[in-house]
Q: 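Shown below is the structure under consideration.
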Number of protein chains: 2
Amino acid sequence: MAAVPDRSHVEDMLTLLRSRGQRVTTARRAVLEALVRYRDEHLGTEELAVRIRRDQPEIHLSTVYRTLEYLEEQGLVHHVHLAHRAVSHHVARDHHQHAVCDHCGKAFDLDLSLFDELTRRLADEHGFTAELGHITIGGRCADCA
Amino acid sequence: MAAVPDRSHVEDMLTLLRSRGQRVTTARRAVLEALVRYRDEHLGTEELAVRIRRDQPEIHLSTVYRTLEYLEEQGLVHHVHLAHRAVSHHVARDHHQHAVCDHCGKAFDLDLSLFDELTRRLADEHGFTAELGHITIGGRCADCA
DNA sequence: TTCACTGCAAATAGTTTGCACATAG
DNA sequence: CTATGTGCAAACTATTTGCAGTGAA
């Protein structure tokens, strides 16, 4: 699926930042690396910070918050509302939607093509440009239905 | 659109509660009435409580939280994640979808058929039974795009 | 060298909970 | 009457912010 290996994906993003005159810091590299490394776990912000601090304990939770906000402004990261009180982040290239089972909490990654018709019809019929990036679909998974 | 006037809708819900052996209290009636009355405003929980307290100042915010939770357990109310930190509630019968412009706040009512393909494919491809009631689609309307 | 970034502590916002009193049935 | 619901205050959780020191370019 990925045309480019993970490590260089992080480097690509850092290079992009540099080319915009942005600074590349330890915290920014660490956050991007963690998002790539743990991408399948849908970690919340605090848990993401815990993982980062296993290797770099000097990186403070508030820095993780600020860095995620910054990376989102730069368009490198998106956020998703996974459950009631958890927000999860992922790098923009891994853009996907989620379905979360209301019963067991299991999250499913959804292919963006599922939303093509919806997006197109919203545009055609309502002139509405949908931003589906931080939507999570609730419901019941096969096991819990 | 509504086959039954609003007032009796609230009474219907209260009757249903009674028929289940549940108690009908001042707070439960007040919350349901407010949800019906202000249904077009997509109020967050705190603002909903403020409106209720205009008439019934003795109804505490924590009671509104508890009552909404209770009504949701009873299936009379659903919640929607509107923005980052705001959760909004509406009575279950008003099972509408809409798209809300992130810029001007204008809301579009959406035909449920828009979601047919999505719902069907979630079921076919993931065995997932989607509960779309909690979703609001964000984005830009034609005027603000 | 300089200004953006970060660590830390403290503030804030939204939500939940324990307990004693009130009230629906 | 008695179990359930509510008011209130206080606790909690997630997130944000002010400030002074640090580090990337």
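A quick note: this is a predicted structure, and the numbers were derived from the prediction, not measured. Every chain is numbered from 1, with letters handed out A, B, ... down the list of sequences.
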Q: Identify, between Glu69(A) and Arg53(B), the residue whose nearest nucleotide on DNA chain D lies closer to the 5' end.
A: Arg53(B)
Q: Rounded to whole Å, how long is the line connecting atom OH of Tyr70(A) with atom P of dT6(C)?
A: 9 Å
Q: Does this structure show an ion pair linking Arg37(B) with Asp55(B), if we count only N-O contacts that are shorter than 4.0 Å?
A: yes
Q: How close or far is atom P of dT23(C) from atom CD1 of Ile59(B), stated in whole angstroms?
A: 12 Å
Q: Using a strict 4.0 Å threshold on nitrogen-to-oxygen distance, state whether Asp116(A) and Arg120(A) make a salt bridge.
A: no
Q: Just how far, in rounded Å, is P of dT16(D) from NE2 of His79(A)?
A: 11 Å
Q: Rounded to the Å, how far apart are Glu73(A) CD and dT16(D) C1'?
A: 14 Å
Q: If you only use heavy atoms from C-beta on, which nucleotide in dT16(C), dT23(C), dA14(D) is closest to the side chain of Ser62(B)?
A: dT16(C)
Q: Among dT16(D), dT6(C), dG14(C), which nucleotide sits nearest the side chain of Tyr65(A)?
A: dT16(D)
Q: Strictly below 4.0 Å: does Thr25(B) bring a side-chain N or O up to OP1 or OP2 of dT6(D)?
A: yes
Q: Measure from CG on Leu61(B) to C1' on dA13(C) and round the result to the nearest Å.
A: 11 Å
Q: Which listed nucleotide (dA24(D), dT6(D), dT15(C)) is nearest to the side chain of Arg23(A)?
A: dA24(D)
Q: What nucleotide, of dC8(C), dG25(C), dT15(D), holds the atom closest to the side chain of Arg18(B)?
A: dG25(C)
Q: Do you see a donor-acceptor pair shorter than 3.5 Å between the side chains of Gln74(B) and Arg20(B)?
A: yes
Q: Expressed as a whole number of angstroms, how long is the span from His60(B):NE2 to dA9(D):C1'?
A: 8 Å
Q: State whether a side-chain donor-acceptor pair under 3.5 Å links Tyr38(B) with Glu47(B).
A: no
Q: For the pair made of CZ in Arg20(B) and C1' in dT4(D), what is the distance, rounded to whole Å?
A: 17 Å
Q: What about Arg66(A), does its side chain sit under 3.5 Å from the base of dG18(D) through a donor-acceptor pair?
A: yes
Q: Thr26(A) has a side chain; which of dA24(D), dA9(D), dA24(C) sits nearest to it?
A: dA24(D)
Q: Please determine whether a side-chain nitrogen or oxygen atom of Arg28(A) lies at a distance below 4.0 Å from atom OP1 or OP2 of dC5(C).
A: yes
Q: Would you indicate which nucleotide in dT6(D), dG7(D), dA14(D) comes nearest to any side-chain atom of Glu46(A)?
A: dA14(D)
Q: Measure CD/Gln22(B) against P/dG5(D) and give the value in whole Å, please.
A: 7 Å
Q: Thr63(B) side chain: which of dG5(D), dA14(D), dT6(D) is closest?
A: dT6(D)
Q: Taking the inter-plane angle between the rings of His89(B) and His79(B) on a 0 to 90° scale, is it parallel (under 30°), tilted (30 to 60°) or perpendicular (over 60°)?
A: tilted
